[in-house]
Amino acid sequence: MDTKILFVSLLAVFFTIELHAADRCVAENGTGGCFSSITAAISAAVDGDRIIIAPKAGNAPYVENLAVNKSLEFHCNTEGSQFVLQGNVTITPVVDRVVTFIGMNITTGNISATVSSPAGPRCVVNIMSCTLGNGYIWFNLNN
């Protein structure tokens, strides 16, 4: 009987272990096996993934509009630096969605939501160590 309890306990532990998210890298021209665009990394990502972005040579911007429809973290791959983005970031709010930006410099573009957040625990957007040069942040939709 003790063997059955041990087996059931181990089985319960196995099924409750949280799977860790993947890191997806973005680099200019897709070097080092990375994605060449942030949009491609978002498409390949699943909820909870981190997208780690290398600044382009000469601080050239990634020129793209980002549509974020998953819980993701966006990080610059160099501590204390920022990757440069020229374009809009649009977040689709969903209950309990968390989107985090760390080390981003938007030279031209906005950060906004597509619709009001649904009832329940709100969508959370964290913006840390970022620069917004010419644009705005707009979450005036009960987000």
Side-chain angles (χ1 to χ4, degrees), residues 4-143:
K4 286 183 181 180
I5 293 173
L6 177 62
F7 177 74
V8 171
S9 298
L10 288 174
L11 198 57
V13 167
F14 176 76
F15 283 107
T16 58
I17 293 175
E18 182 179 327
L19 296 176
H20 294 284
D23 286 345
R24 314 247 179 211
C25 64
V26 178
E28 189 169 12
N29 301 319
T31 57
C34 294
F35 292 94
S36 60
S37 72
I38 302 168
T39 301
I42 292 170
S43 293
V46 298
D47 281 328
D49 283 359
R50 293 188 317 166
I51 298 176
I52 301 172
I53 304 159
K56 285 187 171 184
N59 256 356
Y62 288 90
V63 181
E64 50 187 306
N65 292 315
L66 307 181
V68 183
N69 57 0
K70 304 167 187 167
S71 288
L72 298 172
E73 293 182 16
F74 297 85
H75 297 264
C76 181
N77 78 338
T78 306
E79 188 174 336
S81 292
Q82 295 178 324
F83 65 91
V84 180
L85 176 69
Q86 182 179 329
N88 296 313
V89 177
T90 306
I91 299 166
T92 302
V94 173
V95 170
D96 285 335
R97 175 163 290 155
V98 178
V99 179
T100 301
F101 298 96
I102 301 172
M104 177 175 65
N105 178 0
I106 299 181
T107 57
T108 303
N110 309 310
I111 302 173
S112 62
T114 57
V115 295
S116 295
S117 190
R122 296 293 193 213
C123 176
V124 175
V125 179
N126 300 301
I127 303 170
M128 300 175 277
S129 299
C130 295
T131 304
L132 183 60
N134 186 16
Y136 56 82
I137 299 171
W138 186 67
F139 294 119
N140 194 19
L141 292 168
N142 191 26
N143 293 293

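Keep in mind it's a predicted model, so treat the numbers as computed, not measured. The chain is numbered in sequence order, starting from 1.
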So the side chain to side chain donor-acceptor pair (under 3.5 Å) pairs with at least one residue in residues 22-34 (sequence neighbours excluded) are D23-R50, R24-D49
For a side chain to side chain donor-acceptor pair (under 3.5 Å) check, start with the C-alpha distance between T92 and N69, then their side-chain angles and the critical distance, and finish with the verdict.
CA-CA 5 Å; T92 302; N69 57 0; over 6 Å; no
Sorted by chain and number, sequence neighbours left out, side chain to side chain donor-acceptor pair (under 3.5 Å) with S43 holds for none
CD1 of I52 to CD of E73, rounded to nearest 0.5 Å, is 9.0 Å
For S36, the side-chain contact (heavy atoms from CB on, under 4.5 Å) test, sequence neighbours excluded, returns none
| query | Can you tell if the side chain of T107 reaches within under 4.5 Å of the side chain of N134, non-hydrogen atoms only? | reply | no
Closest heavy-atom pair, V26 versus I51, reported as atoms and distance to 0.1 Å, is CG2-CG2, 3.8 Å
Residues pairing under disulfide bond (SG atoms under 2.5 Å apart) where one sits in residues 27-64, two or more places apart or in two chains, turn out to be C25-C34
Residues at least two apart in sequence or cross-chain that pass side-chain contact (heavy atoms from CB on, under 4.5 Å) with C76, listed by chain then number, are P55, T78, S81, F83
Closest heavy-atom pair, K70 versus V99, reported as atoms and distance to 0.1 Å, is O-CG2, 3.7 Å
Next item on the list: May I ask you to decide if V98's main-chain N or O and S71's side chain share a donor-acceptor pair within less than 3.5 Å?
Entry: yes
Open item on the list: Please evaluate residues N77 and I53 with respect to the criterion side-chain contact (heavy atoms from CB on, under 4.5 Å), reporting the C-alpha separation (whole Å), side-chain torsions for both, the decisive distance (0.1 Å), and the verdict.
Closed with: CA-CA 5 Å; N77 78 338; I53 304 159; over 6 Å; no
side-chain contact (heavy atoms from CB on, under 4.5 Å) filter on A40, not counting sequence neighbours, yields F35, S37
Check your understanding: So, N105 versus T131: side-chain donor-acceptor pair below 3.5 Å or not?
Key -> no
For C123 and I91 the tightest heavy-atom approach is SG-CG2, 4.3 Å
task: With the side chain counted from C-beta on, respond yes when Y136 and I111 share a heavy-atom pair under 4.5 Å apart, and no when they do not.
output: no
side-chain contact (heavy atoms from CB on, under 4.5 Å) filter on N65, not counting sequence neighbours, yields N88
Taken in chain and number order and not counting sequence neighbours, the residues that satisfy disulfide bond (SG atoms under 2.5 Å apart) with C130 are none
So ring pair (Phe, Tyr, Trp, His ring centres under 6.0 Å) across residues 37-78, not counting sequence neighbours, yields F74-F101
The side chain to side chain donor-acceptor pair (under 3.5 Å) partners of E64 (sequence neighbours excluded) come to T39
Between V84 and N59, the two heavy atoms sitting closest are CG2-O, 3.7 Å
Heavy-atom nearest pair, M104 first then L85, reads SD-CD2, 4.1 Å
Rounded to the nearest 0.5 angstrom, the CD-CD1 distance for Q82 and I106 is 10.0 Å
OG1 (T100) and CG (L72) are apart, to the nearest 0.5 Å, by 9.5 Å
What one should report as the nearest heavy-atom pair of T90 and A113 is CG2-C, 4.4 Å
